[in-house]
Amino acid sequence: MTVVTLMWEARAVQGRGAELLEWARAQELAREPVRREIFRAPGDRVLVLTWWDAAYDAELPELPEPDADLITRPVHRWRFESLGP
């Protein structure tokens, strides 16, 4: 089994971190990942990790970009492959 993790990270406009967090929580994907976790950090940042049982280069649903007036910069996205413990 190959496990792929997609990472999505955005920084909200100052003072709108809670709104960005709620936006991220409300996003539905075309299909459900094996696991999904949402994090927040200082600086009004929100991080979403999704785990998939898929090949590294598989086409997988990802969270979209929020409206431009909610974020300070484009969303950062990375893809990782699990190598085990």
Side-chain angles (χ1 to χ4, degrees):
M1 171 175 92
T2 300
V3 177
V4 176
T5 303
L6 301 183
M7 189 193 92
W8 178 101
E9 188 265 339
R11 179 179 221 125
V13 170
Q14 186 173 355
R16 295 183 70 188
E19 187 178 343
L20 179 61
L21 179 60
E22 287 308 309
W23 179 92
R25 284 184 170 150
Q27 298 308 299
E28 293 187 22
L29 298 170
R31 65 183 211 250
E32 286 300 309
V34 173
R35 182 173 158 196
R36 178 177 176 168
E37 287 193 48
I38 301 174
F39 303 85
R40 68 178 174 185
D44 291 317
R45 290 179 293 145
V46 174
L47 172 70
V48 180
L49 298 174
T50 55
W51 286 262
W52 303 87
D53 182 8
Y56 182 81
D57 58 354
E59 195 168 315
L60 298 168
E62 296 192 46
L63 271 65
E65 290 270 332
D67 289 339
D69 66 339
L70 182 57
I71 54 177
T72 61
R73 57 164 168 73
V75 169
H76 291 175
R77 300 169 194 272
W78 291 277
R79 184 176 286 223
F80 299 92
E81 181 176 27
S82 176
L83 301 177

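In this chain, residues are counted from 1 in sequence order.
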Give the cluster check for Leu70 versus Val75: same hydrophobic cluster or not, with ILVMFWY residues linked at side-chain heavy-atom distances below 4.5 Å.
yes
For residues 31-39, please give each side-chain donor-acceptor pair under 3.5 Å, one per line with the distance, not counting sequence neighbours.
{"unit_1": "Arg35", "atom_1": "NE", "unit_2": "Glu37", "atom_2": "OE2", "d": "2.9"}
{"unit_1": "Arg35", "atom_1": "NH2", "unit_2": "Glu37", "atom_2": "OE2", "d": "2.2"}
{"unit_1": "Arg36", "atom_1": "NH1", "unit_2": "Gln27", "atom_2": "O", "d": "3.1"}
{"unit_1": "Arg36", "atom_1": "NH2", "unit_2": "Ala24", "atom_2": "O", "d": "3.0"}
{"unit_1": "Arg36", "atom_1": "NH2", "unit_2": "Gln27", "atom_2": "O", "d": "3.1"}

If every non-hydrogen atom of Gly17 is compared with every non-hydrogen atom of Val46, which pair is closest and at what distance?
O-CG2, 4.2 Å
side-chain hydrogen bond (donor to acceptor under 3.5 Å, both in side chains) with Glu22: which residues, sequence neighbours excluded?
Arg25
Hydrophobic cluster membership, with links at side-chain heavy-atom distances under 4.5 Å among I/L/V/M/F/W/Y: are Leu63 and Trp51 in one?
no
What residue pairs, at least two apart or across chains, pass ring pair (Phe, Tyr, Trp, His ring centres under 6.0 Å) with a residue in residues 60-85?
His76-Trp78
Using the salt bridge (Lys or Arg N to Asp or Glu O under 4.0 Å) rule, collect all pairs that involve residues 43-52, keeping only residues at least two apart or in two chains.
none
Drop me the distance from Arg77's CZ to Met7's CE, to the nearest 0.5 angstrom.
10.5 Å
I'd like to check the side chain to side chain contact (heavy atoms under 4.5 Å, CB included) partners of Asp69; sequence neighbours left out, ordered by chain and number.
Arg16, Asp67
Do any pairs count as a salt bridge (Lys or Arg N to Asp or Glu O under 4.0 Å) and have a residue in residues 3-15, sequence neighbours left out, and if so which ones?
Glu9-Arg73
Can you hop from Leu47 to Leu21 via hydrophobic side chains spaced under 4.5 Å?
no
Residue pair Glu65, Ile71: steps toward the side-chain contact (heavy atoms from CB on, under 4.5 Å) verdict:
CA-CA 9 Å; Glu65 290 270 332; Ile71 54 177; 3.6 Å; yes
For Trp23, what residues pass the side-chain hydrogen bond (donor to acceptor under 3.5 Å, both in side chains) criterion, not counting sequence neighbours?
none
For Val4 and Ala55, which heavy atoms make the closest approach, and how far apart are they?
CG2-O, 3.5 Å
Residues at least two apart in sequence or cross-chain that pass side chain to side chain contact (heavy atoms under 4.5 Å, CB included) with Glu81, listed by chain then number, are Thr2, Tyr56
Using the test side chain to side chain contact (heavy atoms under 4.5 Å, CB included), find all partners of Ser82 that sit at least two apart in sequence or belong to another chain.
Val3
